[in-house]
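Everything numeric in this text was worked out from a predicted model, so none of it was measured. Basis for what follows: all heavy atoms, side chains included, without hydrogens, waters or symmetry-related copies. Chain identifiers are assigned alphabetically (A, B, ...) following the order of the sequence lines, protein sequences preceding nucleic acid strands; residue numbering begins at 1 within each chain.
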Protein chains: 2
Amino acid sequence: MSPGHKKGTDMANAPQCADCKRINEVLSRVGDRWSVLIVISLAQYGKMRFNQLKRHLGISQRMLSLTLRELERDGLVSRTYHPTIPPKVEYDLTELGQSFREPVRALGMWALENLSRIDEARSRYDAEAEQAKKSA
Amino acid sequence: MSPGHKKGTDMANAPQCADCKRINEVLSRVGDRWSVLIVISLAQYGKMRFNQLKRHLGISQRMLSLTLRELERDGLVSRTYHPTIPPKVEYDLTELGQSFREPVRALGMWALENLSRIDEARSRYDAEAEQAKKSA
DNA sequence: CGGGATCCACTGGGATACTG
DNA sequence: CAGTATCCCAGTGGATCCCG
């Protein structure tokens, strides 16, 4: 397989619990940043073209192409090629991709709602760490 | 900061849309595999000790320690140190961590339900790719 | 037991440059 | 326009050894 882009952990022979392995497997598939962002974009705007996605996401065309292929392979995204000149390719969510929107949105909403709280916790933590360092 | 573990993309000066940046930021925080798995474990079993988590997840102690610190910093996990001999440290979810369970569970459920469908799509895709290669 | 410090391999991912 | 192919660096993360 091409350079870069290979997912999943193997960790020699991880003796972990079956559930974790399962979930791990799952996250390895659709869990990366770009996949999620692509799905969200398509969900929001419908059919999109390659460069349109590229500009919208601020993703390098390498990662876009790689990730789109994976998503197509996983059956979340459909790719339609129009052999015109210049060529035109449109990407869209499949049924499966659509069904993925909900959980993703839930996670996104939580994140948006709690980002500030996380930031607070961080500064608090960092401040305390700073204190601890001074009294050394 | 210590070796390894730094999240987030910068992509030079990504001209992407604000939403995407925001979501990206969010995913950078609590979006990695280990964070999710740790939260799930704690959610399921309650307070857990270091090596207990380690064994349960099949995670290297380096990543466990790193990830736990991040989670504590982000205010999702609490750390209680018992200065006994031998020492005993317990990790648990905070309120914020608890609230994170729901969206995570939603995602997990979707994944579990659709894993087989993804697998199907994959073999289909791979088979077709194989075909295409033969007629070359 | 609960980590910190090192070392090292692999991979994610950006920057070109080239093709159809 | 829609990619593919290279190159290459930085970050991720496992393995080890060590210490209180």
Within the structure, does a side-chain N or O atom of B/Arg69 lie under 4.0 Å from either OP1 or OP2 of C/dG4?
-> yes
Determine yes or no for a side-chain-to-main-chain donor-acceptor pair under 3.5 angstrom, with B/Thr94 supplying the side chain and B/Gly75 the backbone.
-> yes
Between C1' of C/dG20 and NZ of A/Lys88, the distance in whole Å | 19 Å
Looking at the side chain of A/Ser60, which of C/dG14, C/dG3, D/dG13 is the nearest nucleotide?
-> C/dG14
For the pair B/Glu128 and A/Arg73, find out whether any cationic side-chain nitrogen is under 4.0 Å from an anionic carboxylate oxygen.
-> no
Phosphate contact (C/dC1 OP1 or OP2) by B/Tyr91 side-chain N/O below 4.0 Å | no
What's the CG-P distance between B/Asp32 and D/dG11, to the nearest Å?
-> 16 Å
Show every donor-acceptor pair shorter than 3.5 Å between a side-chain atom in residues 103-113 of chain B and any protein atom, with sequence neighbours excluded, or say none if there are none.
{"from": "B/Arg105", "atom 1": "NE", "to": "B/Glu102", "atom 2": "OE2", "distance (Å)": "3.1"}
{"from": "B/Arg105", "atom 1": "NH2", "to": "B/Glu102", "atom 2": "OE2", "distance (Å)": "3.2"}
{"from": "B/Trp110", "atom 1": "NE1", "to": "A/Ser99", "atom 2": "O", "distance (Å)": "3.2"}
{"from": "B/Trp110", "atom 1": "NE1", "to": "A/Ser99", "atom 2": "OG", "distance (Å)": "3.0"}
{"from": "B/Trp110", "atom 1": "NE1", "to": "B/Asn114", "atom 2": "OD1", "distance (Å)": "3.2"}

Just by distance, do the side chain of B/Ser123 and the backbone of B/Glu120 share a donor-acceptor pair under 3.5 Å?
-> yes
Whole angstrom is fine here: how far is it from CG in A/Leu53 over to P in D/dG3?
-> 10 Å
What residues form a side chain to side chain donor-acceptor pair (under 3.5 Å) with B/Asp119, not counting sequence neighbours?
-> A/Arg29
Over how many whole Å does the gap from A/Ile59 atom CD1 to D/dA2 atom P extend?
-> 14 Å
Would you kindly give the CG-to-C1' distance between A/Leu57 and D/dA2, to the nearest whole Å?
-> 16 Å
Anything under 3.5 Å between a protein N or O and an N or O of nucleotides 16-20 of chain D, put it in a table, one pair a line.
none

Using whole Å, report how far CD of B/Glu90 lies from P of C/dC1.
-> 14 Å
Side chains of A/Ser35 and A/Asp32, donor plus acceptor under 3.5 Å = yes
Phosphate contact (D/dT4 OP1 or OP2) by A/Ser65 side-chain N/O below 4.0 Å = yes
Is the shortest side-chain N to carboxylate O distance from A/Glu70 to B/Arg122 below 4.0 Å?
-> yes
Quickly work out the B/Ile85 CD1 to C/dG3 P distance and round it to whole Å.
-> 16 Å
Mind calculating the distance between CD1 (A/Ile38) and C1' (C/dG13) to the nearest angstrom?
-> 13 Å
Pairing residues for A/Lys88 by the side-chain contact (heavy atoms from CB on, under 4.5 Å) criterion, not counting sequence neighbours | A/Arg49, A/His82, A/Thr84, A/Glu90
Is the distance from OP1 or OP2 of C/dG20 to the nearest side-chain N or O of A/Tyr81 less than 4.0 Å?
-> no
In residues 40-52 of chain B, which ones come under 4.0 Å of DNA chain D, going by heavy atoms?
-> none
side-chain contact (heavy atoms from CB on, under 4.5 Å) against B/Glu95, all qualifying residues, sequence neighbours excluded | none
